[in-house]
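These values consider heavy atoms only, across backbone and side chains, with no hydrogens, waters or symmetry-generated copies. Just so you know, residue 1 is the first one in the sequence shown, and it goes up from there. Order of appearance sets the numbers: ligands from 1, and atoms from 1 within every ligand.
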Amino acid sequence: MSENNDKKIVTRFAPSPTGFMHIGTMRTALFAYLWARKNNGTFILRIEDTDKEREVAGAIEHIQESLKWLGLEWDFGPDKNGPFGSCIQSQRLSIYKEYADKLVQKGLAYGDPYTKEETEAFRAQADAEKRPFLFRNHRPEKFENWDGTRPLRLKVSEIKRYKWHDVVRGDLEAGEEALDDFVIIKSDGFPTYNFAHIIDDHLMGVTHIMRGDEFISSTPKFLSLYDALEIPYPIFATLPPILRDDKTKKLSKRDGAKDILDYREDGFLPQAMINFLALTGWNPGTPQEFFTKEELIKTFELTKIQKAGALFNETKLLWLNHEHIKLIPKDKLLEIFKGIITSYNGTVISDEALGKMMPVLLERVQKFGDLKEMLSNGEIEYFFAKPTYKKEGLVWKDESGFENTKQYLTKALNAFEKIALNDWNAEALKNSIWDYATEKGRGAVLWPIRYALTGKEKSPDSFIVGSIIGKIETVERLKYAISLL
Ligand code: GLU
């Protein structure tokens, strides 16, 4: 059975509330979202909380917060019921029960009559005989009335080879060994994932299922259940795993995979994050790498999702983030910077000073977290405080000597002092000394000036720094340097 193609496209993101939003999980959400939006379809957020033991308090809020941060708004979700009812599985138990009863009535499901120990003994016996353990080999001959206290198992009625199509992986198939009488309702009354997701996808009108490759091996079981329930198959799109740097394994928590909201904490932009996630496993087929959300919605194609594992490339994430930061309007950026650096060692930094520093900071900031770090590691301390250094540092590659260096700095001091306060800018500073520096050697002249202002081997050039710290401060710093020599 295949799905009618004229139907409105419906996708869903169906996380379990376990408290951790892995970037791979968020990528699944993004792809499902993009496909729905591209087709003017519906995107559903469904909470799969049928495993009460794994559930973590606050996880549902965490899921919603993560999606909201990325700007992946849902049409129906835990906060908004659909025409099909709640989007939280634990609130849909009567629906699963109804479907389970139908299967029981049709003789397609039965209460598991065995104790845990008995099942274990079957398994041990199969192991000893070196054959796979299949519950269906122990299926009871007569099904007792199911009273709901025993796990309910599906009777896999057609033991056959299953073939199915996956938009990403192509034609897939699996043999009888993948089929078994699996549990659909547990003894606590909750459905299993295998059962609940199929009913929900059906009732919610889901047309496309996007999920990780760990579900491929279970697909024959799902198909046997679709058949038993007489539900048409949706379209399957298996997303590639996200691999850690050395490509040998899936990126896991242990390899430093972070929760998505940790990236927010670290000063990544949501628009950069979705740009990055989209490129992790999907390829537009052009060299374009920078995408806005709107461009992604327009360009996204299921057929361009790659089969092979996608590398988690943090360098690319940083680069993309920087590119997205650069697009933020200046006044908005100033607000963001102000939210991060308001003072240095107790001294309030004025908007004007921050505004002047912005271009310099912007070049160095890949994520906003870098700003804090630059402040705390002293990298840009010279903007706020006089530098401390040894006089040897002022001399360009030893060859200039103290005397020459003193002469260069004096020349610069005189030239800078002549610049009127109103004209004090990087251009004017540069013009006042450039010819002299060219004549005497740019390195020999410009190095000590810059060093006198910053006390650093590496920094923006002295004209920029001088223009930011102002005339009085520049003059004072040059005088101090001269006094050392
Ligand atoms: N609740 C499942 C999970 O979190 C969802 C899998 C699916 O999308 O079908 O892995």
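- In terms of protein heavy atoms, atom 9 (O) of ligand 1 is closest to Y193 OH, 2.4 Å.
- The ring of Y233 has its center no closer than 6.0 angstrom to the ring center of F222.
- Within the 4.0 Å heavy-atom shell around ligand 1 one finds R12.
- Nearest protein heavy-atom contact of atom 5 (C) of ligand 1 is A14 O, 3.1 Å.
- Among pairs with a residue in residues 80-105, those fulfilling ring-ring contact (aromatic ring centres under 6.0 Å, His included) read F76-F84, at least two apart in sequence or across chains.
- Every atom of ligand 1 with a heavy atom of E48 under 4.0 Å away is listed here by number and element: 1 (N), 2 (C), 5 (C).
- Each of F43, F300, F13 was checked for a ring pair (Phe, Tyr, Trp, His ring centres under 6.0 Å) with Y33, and the lone residue meeting it is F43.
- Here CD1 of I47 is found 9.5 Å from OG of S90. Values are rounded to the nearest 0.5 Å.
- Ligand 1 has a nitrogen or oxygen under 3.5 angstrom from a nitrogen or oxygen of R211.
- Ranking the protein heavy atoms by distance from atom 10 (O) of ligand 1 puts F215 CZ, 3.5 Å first.
- Checking each of W282, F312, F291, W319 against F276 for a ring pair (Phe, Tyr, Trp, His ring centres under 6.0 Å) leaves exactly one that passes, namely F312.
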